[in-house]
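A short write-up of the structure that comes next.
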Amino acid sequence: MAKSIVSAVLEKLSSLLMIPGEIKHNFELALALEEEIGKVIAHFQDIQSVLQDAESKQVKDANVRNWLKKLKDVAYDVDDVVDEWNSEKLKSQIDKEQKGARNFPLLKKMRNSISCFTFQTILYYKIASKLSGVNEQLDSIATEKDRYKFGLEKVVEEPRRLITASFIDDEEVYGRCQETEILVNMLVGNSSSGGGLKLPVISIVGMGGIGKTTLAQLVYNHSDVECHFGKRIWICVSDPFDEIRIAKEILEAFKGESSNLVGKDNILQEIRSHVSGKKVLLVLDDVWSEDATRWEQLKTSLKHCSPGSRILITTRNEKVAIIMGTTSSNLFLLNTLSLEECWSLLSRRAYYGRTREESENLDDIGWKIADKCQGLPLAVKILGGLLRFKRTREQWQNVLDSEMWDFEEAEQDLFPPLFLSYYELPLALKQCISYCAVFPKGMILRKNELIKLWMAQDYLKGVRCEEMEIVGEEYFDELHMRSFFQDFGGGELDSGIMKYKMHDLIHDFLLVLMKTECVMLVNHDSEELKVDLSCERARYGTLFRKEAAPTESNIFRFRKLRSLLIDSSYHDTSSLRLYLPRLFDQLTCLRTLNLSNGLFRNSIEELPDEIGKLVHLRYLNLKNNKKLKELPESLCGLCNLQTLNLKWCDSLKELPCGIGKIINLRHLENDQTNLSLMAIPRGIGRLTNLQTLSLFVVKGNSDASTLGDLQNLIHLRGLLKISGLGAVCDVTEAKKAELENKKGLRTLIFDFTISKGLMSNRWQRDDGRLLEALRPPPCLEELEIWWYSSPTISANWMMGLTKLSRVSLGYCLHLKSLPPLGKLPSLESLYIGGMSRVEKVSVEFLGVEREEILAPSSSLESPSSSVIAFPSLKHLEFEFFDLEEWEDWMPLTSREEHISIMPRLCSLTINSCPKFKALPCYVLHNTSLKQLNISQSPILSERCRKETGEDWLKISHIPSIMIDSVRIQVNCSSVEEFGVLQFQPLHSSSLSSKNFLKAFSQN
């Protein structure tokens, strides 16, 4: 971690060697500044060359750990100074541009210029003074460095790596029966054809200590494997990947003696002759190298084995497995042990030599200790061995209550394999994973949010001028492939967002690494926070508020914090109100601040003006503060701010007028503020770095932004909802938005209401022309249109959206016919609701052209040439909310029967359609349909009634049928396989009252 920080600071310092022009005339100041910067750079460069050795020695040497702590403290301080300098320059530039745009009198312009020059001179004197103090500290650190006799980077002693062999005692292994069976079958079973590959590579992938080598040994020594392969070879590869050594060991396994051959080509030729015609199993244990060239020639020499030969590798890194030639079907991701398996392993070791009575007396604590190991076999073995020598319940309880790293045995045996995984990471990834120590143990992590937090700490500097978010994705994926993160699910209800976790022991390991940099603070039982004085210069902190009345006065002692996450799971944020001014005044080094509220209605109502003092702040999370009404203008002075999260701040009426000053803002997350937010300020168009703008509100007056202000926001991606389109009079403004040029947008929501959700009753309104002008990018995947008031949707661009997979049309109260959505080739989910004037769903809805309808369905035409409407549709929902016009879903006539309709439909919902008579035959006979849900539609419900309904025999093949909230048929296996299919549109309206809708309709 120290090396990462020093490298980052050096890179920033080198950019400051160009002394600003405004102080060059002040020769004394310019010289002093240049001299101090040069000294700092020289010190860091001298220290940087030994940091790799120092970081590897800190594991065993407390003095080295302390030296590195001092170094990191100074590096962080320098980083703060440099950031302060850059921030003030940027603010000065923004102010100059804004003042230059105004038509001030000449005298006032001169006064402004003199004032600005004076401020900058004072700033540079202050920075020179701070750097002078830093150099004094670095002098001391450099002197102390020489005592430890660190080696230069090229002669660093690497961490010890365990050499493995193929032997194993089966009686010492618990669990892994199913995994062994699967892998043995992959090697020798009927399904082991290898997918047509000449020499398939099977990989066991998992984190350190999870039991990859043990599983490989079980498989290697399995009787079926012994019988199947003519020759089995076990090689412990480790790091570096020495292809000559590996080749010689393979040769020795065949010849039974050491080889005297010299030269790589000679050795590979000999291997080729020995493997020819033989069925071989080669196990390569503990592979780390990502250099494919080291492996390719060796693998080529092995390809002359007979069919059925296999290579089995173990690795911590999925990327390594892929580089070695593993296909997805041959990738075996090893999971942790179950609690029962952990207990079996733990009890066998811990109870050795005890009587049955003694053992039973310890069972309850033992199970909890087994659970503490979180399924990691290595941890179970270590604690089991430790507990063997603990005789009393009190001693066992002490083990349960202690952290894993408090035990010398754990530090000796468990720390090294985890440290190896960390040691192998590139510098940038070390920073990223180390930051994760700040999260509470077991916390669910969301990839996109974590990337924003890394970005706020300045960890995502790409080498190819890539966007930071893209670099962050690459870093996260790399750490995931190296088993630092585990999948935790995610799905439709989470908008497809994947969730992840860290194994508890990896989290504990990171806490050990970050011991003096990361603090977890808990205020409990009205006690004052207890602070370890050695951690007062900590940089990353999490505050758990177990008490509603805060007692966190001691938190203000952590003045160097760069990240503060305040957990409000237990109590809402309203009680923080009195403490925020002091927090903002004193913790001025913060880059990340999380003030999000839990699932509480009460919250802070305003942010104090002191927020403007957090000049380094890059990430501010105010999510779920439901009583927050406004943001102070001082927030606009935070020119470094990258992420502002206002999700579910549903009392927020407006954004600060000067928001255009936050020119580094990349993510403005204002989802679910549409019922309170009145408008977007005019300056939004200057935020050309914006990638996320969840909600854009159109007000229709000169004080607020117009659609044209979206023109320069070319980097927008993900979801954009445009609300208040009913207030737009000028269609040319919609054209100016140039939505089609925003290639990163994937979801668009067009809301044709005006402020506060009320419909516009302007006679001049033409939503059809406006919708045509709002042409989206061709790569759009989801589209929603709400409160549209024209009688037809005839936007020419809609049928050209070939990637559109999800469409919602809601409360289009004047719409008389549905658009031809059946033409969309990728459409999978369709929601149609609140259509008061639609009387029938006709064949035009299928998107079939007249000539296609008239096309003969004679035997001259092949089945493959028939027309397909809605070729990809899986989920369909009609929800008319008690509106009574819709009666018919038109069936096909005899001349239209050659048309294939919705061949992949899985779920159909008909809700609140009281006059709707019957489902068409092409739905009733659809064999792909797995779920049918009918409610508040009495005529249709009666036709589909079980056993007695007129259409029952036609729908009885559907596995899951629900009528008026009663499940009348369920086929468990089919539904389990199919999953829950209730379709939910992204935008859910709360305005569903029948009378309210009729009032809108009359308007």
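- Judged purely by atom type and a 3.5 angstrom limit, Ser4 uses its side chain to pair as donor or acceptor with the backbone of Leu427.
- Heavy atoms only, all atoms of each residue included: Leu638 and Leu614 are closest at CD2-O, 3.1 Å.
- At a threshold of 4.0 Å, the pair Asp709-Arg686 does not count as salt-bridged, since none of the basic side-chain nitrogens sits closer than that to a carboxylate oxygen.
- Using a 4.5 Å cut-off on side-chain heavy atoms (C-beta onward), Phe696 and Lys721 make no contact.
- Contact record, Leu748 with Pro777: CD1-CD, 4.4 Å, taken as the closest heavy-atom pair.
- For the pair Gln672 and Lys647, the minimum side-chain heavy-atom distance is 4.5 Å or more.
- Side chains of Asn594 and Ile566 form no contact here, defined as non-hydrogen atoms less than 4.5 Å apart.
- Atoms CG and CD1, on Leu655 and Ile680 in that order, are 5.0 Å from each other to the nearest 0.5 Å.
- Taking 4.0 Å as the cut-off between side-chain N and carboxylate O, Lys452 and Glu669 count as a salt-bridged pair.
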Residues Glu781, Lys803; criterion salt bridge (Lys or Arg N to Asp or Glu O under 4.0 Å); working and verdict: CA-CA 5 Å; Glu781 295 172 3; Lys803 295 187 178 179; over 6 Å; no

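- Between Leu725 and Leu770 the shortest side-chain heavy-atom distance falls below 4.5 Å.
- For the atom pair CD1 of Ile714 and CG of Asn712, the computed distance is 8.0 Å after rounding to the nearest 0.5 Å.
- Judged by distance alone, the side chain of Trp797 and the main-chain N or O of Glu772 form a donor-acceptor pair under 3.5 Å.
- Note: Asp671 CG to Asn645 CG = 7.5 Å, rounded to the nearest 0.5 Å.
- In this structure a side-chain-to-backbone donor-acceptor pair under 3.5 Å is present from Asn670 to Ser694.
- The residues Lys130 and Asp80 are annotated as not salt-bridged, no charged nitrogen and carboxylate oxygen being separated by less than 4.0 angstrom.
- To the nearest 0.5 angstrom, Ile749 atom CD1 is 11.5 Å from Ile785 atom CD1.
- Using modelled atom types and a 3.5 Å distance limit, the side chains of Glu517 and Tyr76 yield a donor-acceptor pair.
- In this structure a side-chain-to-backbone donor-acceptor pair under 3.5 Å is missing from Arg806 to Leu804.
- For the pair Ser634 (side chain) and Asp609 (backbone), a donor-acceptor distance under 3.5 Å is present.
- A salt bridge does not link Lys126 with Glu88: none of the charged nitrogens is closer than 4.0 Å to a carboxylate oxygen.
- Within the 3.5 Å criterion, the main-chain N or O of Asp650 finds a donor-acceptor partner in the side chain of Ser676.
- Between Phe750 and Phe752, the ring planes lie perpendicular to each other; the angle is over 60°, past the 30° to 60° tilted range.
- Within the 4.5 Å cutoff, the side chain of Phe44 has no heavy atoms near those of the Ser7 side chain.
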Candidate pair Arg559 and Gln586, rule side-chain hydrogen bond (donor to acceptor under 3.5 Å, both in side chains), full reasoning: CA-CA 6 Å; Arg559 291 176 177 251; Gln586 297 192 11; 3.2 Å; yes

Criterion side chain to side chain contact (heavy atoms under 4.5 Å, CB included) on Leu13 and Val40, from CA distance to verdict: CA-CA 8 Å; Leu13 280 169; Val40 175; 3.4 Å; yes

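- One side chain, Glu469 or Gln691, offers a donor N or O that lies under 3.5 Å from an acceptor on the other.
- Using a distance-only test at 3.5 Å, with no hydrogens or angles considered, no donor-acceptor pair links the side chain of Lys627 to the main chain of Cys649.
- Note that NE2 of His480 is 11.5 Å distant from CG of Leu445, once rounded to the nearest 0.5 Å.
- Formation of a donor-acceptor pair under 3.5 Å by the Ser568 side chain with backbone atoms of Gly598 is not found in this model.
- Between Lys735 and Glu738 there is no salt bridge, since no side-chain nitrogen of the basic residue lies less than 4.0 Å from a carboxylate oxygen of the acidic one.
- Here Met443 contributes atom CE and Thr542 contributes atom OG1; the two are 8.5 Å apart, rounded to the nearest 0.5 Å.
- Contact record, Val731 with Ala773: CG1-CB, 3.6 Å, taken as the closest heavy-atom pair.
- Nearest heavy atoms, Cys518 versus Val438: SG-CA, 3.7 Å.
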Step-by-step side chain to side chain contact (heavy atoms under 4.5 Å, CB included) determination, Gln457 to Arg562: CA-CA 8 Å; Gln457 299 300 321; Arg562 300 175 138 230; 3.8 Å; yes

Evaluation steps, side chain to side chain contact (heavy atoms under 4.5 Å, CB included), between Val698 and Ser723: CA-CA 6 Å; Val698 183; Ser723 177; over 6 Å; no

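- The nearest pair of heavy atoms linking Gly685 to Leu713 is O-CD2, 4.1 Å.
- Annotation: side chain of Glu740 is not in contact with side chain of Pro776 (no heavy-atom distance under 4.5 Å).
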Verdict with reasoning, Leu739 to Leu716, per side chain to side chain contact (heavy atoms under 4.5 Å, CB included): CA-CA 9 Å; Leu739 295 182; Leu716 286 180; over 6 Å; no

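- The residue from Asn664, Leu620, Ile663 that alone fulfils the side-chain contact (heavy atoms from CB on, under 4.5 Å) condition with Leu641 is Leu620.
- A distance of 6.0 Å or more separates the ring centres of Tyr459 and Tyr475.
- Between the Trp454 side chain and the Cys432 main chain, a donor and an acceptor come within less than 3.5 Å of each other.
- Atom NZ of Lys653 is surrounded by 12 or fewer heavy atoms from other residues, nucleotides or ligands within 6.0 Å.
- Under the 4.5 Å side-chain criterion, counting only non-hydrogen atoms from C-beta, Lys736 is not in contact with Leu707.
- Comment: Glu478 engages Lys319 in a salt bridge, judged by a side-chain N to carboxylate O separation of less than 4.0 angstrom.
- Using bins of under 30°, 30° to 60° and over 60° for the plane-to-plane angle, the ring pair Tyr435/Tyr540 lands in the perpendicular bin.
- Tyr500 pairs in a ring pair (Phe, Tyr, Trp, His ring centres under 6.0 Å) with only one of the listed residues (Phe476, Phe484, Phe439), which is Phe476.
- In this structure, a donor-acceptor pair under 3.5 Å is present between the side chains of His667 and Thr692.
- Between the side chains of Arg666 and Gln642, no donor N or O sits under 3.5 Å from an acceptor N or O.
- Between the side chain of Glu633 and the backbone N or O of Cys657, at least one donor-acceptor pair lies under 3.5 Å.
- Ion pair Lys447/Asp477 flagged as a salt bridge, since at least one NZ, NE, NH1 or NH2 atom sits closer than 4.0 Å to an Asp/Glu carboxylate oxygen.
- Under the 4.5 Å side-chain criterion, counting only non-hydrogen atoms from C-beta, Ile659 is in contact with Leu668.
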Intermediate values then yes/no, salt bridge (Lys or Arg N to Asp or Glu O under 4.0 Å), Asp79 and Lys72: CA-CA 10 Å; Asp79 192 36; Lys72 283 186 281 189; over 6 Å; no

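- Heavy atoms only, all atoms of each residue included: Ser603 and Asn625 are closest at OG-C, 3.3 Å.
- For the pair Lys12 and Asp458, the salt-bridge criterion is met [side-chain N within less than 4.0 Å of a carboxylate O].
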